[in-house]
A.B. asks: 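Have a look at this one.
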Amino acid sequence: MPELPEVQTTVDELKKEILGVSFLDFWYDWKKSVKNLSPEEFKKKIKGEKILDISRRAKLLVFKLTNNKLLLAHQKMTGHFLVGNWKYYPRAKRKWQSTDIGHLQDKVNDYIHLMFWLDDGRQLAFSDLRKFGWVAFYENITLEDIPEIASLGPEPLDENFTPNILEKRLKKTSRPIKQAIMDPKIIVGIGNIYADESLFLAQIHPLTPANKLSDQKIRKLFWAIQKTLKTAIKYKGTTILSGAEEYRLPSGERGNYQDKTQVYHRENQPCSRCSSKIKRIKIGQRSAHFCPKCQKNSS
DNA sequence: CCAGTTGTTGTTCT
DNA sequence: AAGAACAACAACTG
C-alpha cells in the first residue's frame, strides 16, 4: 500500500519520465476519482497544462503546473500511476466511451480509472482497484493552504525534524504508539507496514501508550522510523504478493521491500533477532505484527 | 456468505 | 470542548 517510501519512489520515477511534458487529454470512468471538481471541469482545466515539477508531501503527490497551478494526487491503498503507451484499457467487461479510446489496442490492467494523454505520445494512467484514491486540481492557492495539506504533521525525513519534535507530539496522546505514529496529524507518511517495522527496529511494543515512552525509547523510535523509511525507499517500496493489482512503479515493476520486512505479514514466522514466533494482534481494527520477546510492553 | 485488507475523514461516543 | 472510538468508502481474496 502506498506509504511514504512508495509515494517517494513514484515521485522519483515519474520525474525521470514526464517532467516538462504537457497534458493533451483526459478520460475517467469513476467520478469520485476526481476530488474537488466535476471530471468535466477537471478535464478542461488540465488540458494544456505542463508538468514543471513533481514532489511529495506526506502520502500526496504534488504536480507543479504552469502559473502555480497544482495537481494533487492521493493513492490511498491501491492507487498507483503507470506511464506507457497503450491501446486497450481498462477491462474488456466494463463499458466505456469507445469514442475516447477507439484507437487503443494493448490493455494496461483491469483497474484504470483515470487516463491522461501526454504530448510526448505516451499516457499516464491511474490504476486503483479499490477506488479510494483521487486527484484534485488547484489554482490561486498555495500548497500549505490546501485543506488536505494544512492539518498535516511533520515529515519524518525532513532535516528539520528532530527527536524533540517527535517527543512533544507523542506526549499529547495516550493512544497506543502504533496508532500515534500512523496518525498523519502527529507524523506523516507511516502506514501499517512501516509502523510495524519501525516499532520492531526500536523494540517497542505496539500497544505501549504513546505518552509513556521514555526519552530514550523515543530517540530510538525516531532513528528506527528514519532507518526503515530510507531503506524502504532504497528498495523502491513494498508490493505484497496478491492476486489483486496493487502498488507498482510507473514502469509496472514491483517494489522489493516485501522481502526485507521483519514482522509485517510474517505471523508465526521466527523473529530474525530471537527466533520467537511473530505475533499478530488487533489494534484499532487493524493488524499489528510484532515479536513478543523483543518488543516488551514496558515504558 | 463472512472475515480480512487498507488511509483518511466524518460522525458519534465518552 | 476535546479526544478517542468507530463507521464508511470499495472490491477483491481466502
Side-chain angles (χ1 to χ4, degrees), chain A residues 1-8 10 28-36 56-62 72-81 90-91 93-94 109-114 126-136 146-153 155-156 168-198 206-212 225 229 232 237-248 255 257-258 261 263-268 279-289:
Chain A
M1 333 299 137
E3 303 180 29
L4 188 149
E6 289 77 23
V7 181
Q8 188 62 54
T10 302
Y28 70 98
D29 77 341
W30 185 251
K31 215 174 158 224
K32 289 188 194 169
S33 297
V34 180
K35 188 172 183 181
N36 65 337
R56 178 190 62 75
R57 174 72 173 105
K59 295 172 186 167
L60 292 152
L61 287 127
V62 180
L72 261 58
H74 202 304
Q75 307 176 299
K76 292 289 177 97
M77 291 92 73
T78 57
H80 54 274
F81 284 96
R91 55 171 75 180
K93 49 187 160 172
R94 177 171 298 214
N109 72 31
D110 289 341
Y111 310 107
I112 304 302
H113 299 299
L114 303 175
F126 187 63
S127 169
D128 190 11
L129 183 147
R130 294 209 178 90
K131 301 199 283 201
F132 284 13
W134 50 262
V135 297
I146 294 172
E148 290 86 356
I149 302 266
S151 59
L152 293 173
E155 288 286 338
K168 238 186 193 167
R169 299 188 151 254
L170 292 180
K171 289 281 188 243
K172 289 194 293 195
T173 181
S174 59
R175 287 148 77 208
I177 184 61
K178 164 146 183 183
Q179 286 184 290
I181 58 172
M182 287 174 66
D183 182 345
K185 289 185 185 68
I186 293 178
I187 179 174
V188 302
I190 304 169
N192 216 25
I193 299 171
Y194 301 110
D196 283 355
E197 294 299 314
S198 298
L207 282 174
T208 312
N211 58 2
K212 292 274 170 55
I225 287 171
L229 295 177
T238 301
T239 303
I240 296 289
L241 307 174
S242 108
E245 287 295 330
E246 50 164 70
Y247 169 73
R248 300 296 171 114
Y257 194 74
Q258 62 278 7
T261 60
V263 288
Y264 183 79
H265 225 261
R266 298 201 183 277
E267 186 184 14
N268 291 328
K279 276 186 78 171
R280 182 167 72 95
I281 59 170
K282 282 275 174 198
I283 302 178
Q285 298 166 307
R286 299 285 193 259
S287 287
H289 312 77

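Just the heavy atoms: all of them, side chains too, but no hydrogens, waters or symmetry mates, feed the values below. Sequence lines set the chain letters: A, B, ... in the order given, protein chains first and strands last, and positions in each chain run from 1.
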A.B. asks: Need to verify one output field. Residue with the more 5' nearest nucleotide on DNA chain C, A:Thr173 or A:Met77?
C.D. replies: A:Thr173
A.B. asks: Starting at NZ of A:Lys131 and ending at C1' of C:dA8, how long is that distance when rounded to a whole Å?
C.D. replies: 16 Å
A.B. asks: Quick check for you: among B:dG4, C:dA5, B:dG7, whose closest atom lies nearest to any side-chain atom of A:Arg175?
C.D. replies: C:dA5
A.B. asks: How long is the line joining CD of A:Glu148 and P of B:dG7, in whole Å?
C.D. replies: 18 Å
A.B. asks: Under 4.0 Å between a side-chain N/O of A:Ser287 and OP1 or OP2 of B:dT5, yes or no?
C.D. replies: yes
A.B. asks: Would you mind telling me which of C:dA5, B:dG7, C:dA11 lies closest to the side-chain atoms of A:Met182?
C.D. replies: B:dG7
A.B. asks: Any carboxylate oxygen within less than 4.0 angstrom of a Lys/Arg side-chain nitrogen, looking at A:Glu148 and A:Arg57?
C.D. replies: no
A.B. asks: Counting heavy atoms from C-beta on, name the nucleotide in B:dT8, B:dG7, C:dA10 closest to the side chain of A:Glu3.
C.D. replies: B:dG7
A.B. asks: Measure from CZ on A:Phe132 to P on C:dA11 and round the result to the nearest Å.
C.D. replies: 9 Å
A.B. asks: For B:dT8, does OP1 or OP2 lie under 4.0 Å from any side-chain N or O of A:Lys185?
C.D. replies: no
A.B. asks: Out of A:Glu3, A:Glu197, A:Lys178, which residue meets the side-chain hydrogen bond (donor to acceptor under 3.5 Å, both in side chains) rule with A:Asn192?
C.D. replies: A:Lys178
A.B. asks: Tell me the interatomic distance from A:Lys282, atom NZ, to B:dG4, atom P, rounded to whole angstroms.
C.D. replies: 5 Å
A.B. asks: Report the distance from atom CG of A:Leu129 to atom P of C:dC9, rounded to the nearest whole Å.
C.D. replies: 17 Å
A.B. asks: What does A:Gln75 touch in the nucleic acid at a heavy-atom separation under 4.0 angstrom: a base, only the sugar-phosphate, or nothing?
C.D. replies: nothing
A.B. asks: Is the closest side-chain donor-acceptor distance between A:Glu6 and A:Tyr194 under 3.5 Å?
C.D. replies: yes
A.B. asks: Surrounding NZ of A:Lys171 (heavy atoms of other residues, nucleotides or ligands, distance under 6.0 Å), is the total greater than 12?
C.D. replies: yes
A.B. asks: By nearest heavy atom, map A:Ser174 and A:Gln285 onto DNA chain C; which one lands nearer the 5' end?
C.D. replies: A:Ser174
A.B. asks: For C:dA5, take OP1 and OP2 only and decide whether either is under 4.0 Å from a side-chain N or O of A:Arg286.
C.D. replies: no
A.B. asks: Separation of A:Asp183 atom CG from B:dT9 atom P, in whole Å?
C.D. replies: 10 Å
A.B. asks: Look at the side chain of A:Arg130 and decide which nucleotide, out of C:dC12, B:dG7, C:dA5, has an atom nearest to it.
C.D. replies: C:dC12
A.B. asks: Closer than 4.0 Å, any side-chain N/O of A:His74 to the OP1 or OP2 of B:dG7?
C.D. replies: no
A.B. asks: With sugar-phosphate meaning primed atoms plus P, OP1 and OP2, does A:Lys35 contact a base, only sugar-phosphate, or nothing at under 4.0 Å between heavy atoms?
C.D. replies: nothing
A.B. asks: Can a side-chain donor-acceptor contact be found between A:Asp196 and A:His289 if the only test is distance below 3.5 angstrom?
C.D. replies: yes
A.B. asks: Under 3.5 Å, is there a donor on one side chain and an acceptor on the other for A:Arg130 and A:Thr78?
C.D. replies: no
A.B. asks: In whole angstrom, what separates A:Lys76's NZ from B:dT9's P?
C.D. replies: 6 Å
A.B. asks: Would you please confirm or rule out a distance under 4.0 Å between OP1 or OP2 of B:dT8 and any side-chain N or O of A:Lys59?
C.D. replies: yes
A.B. asks: When you get a sec, tell me which of C:dA10, B:dT5, C:dC12 is the closest nucleotide to the side chain of A:Arg280?
C.D. replies: B:dT5
A.B. asks: What integer distance in Å separates A:Gln179:CD from C:dA4:C1'?
C.D. replies: 9 Å
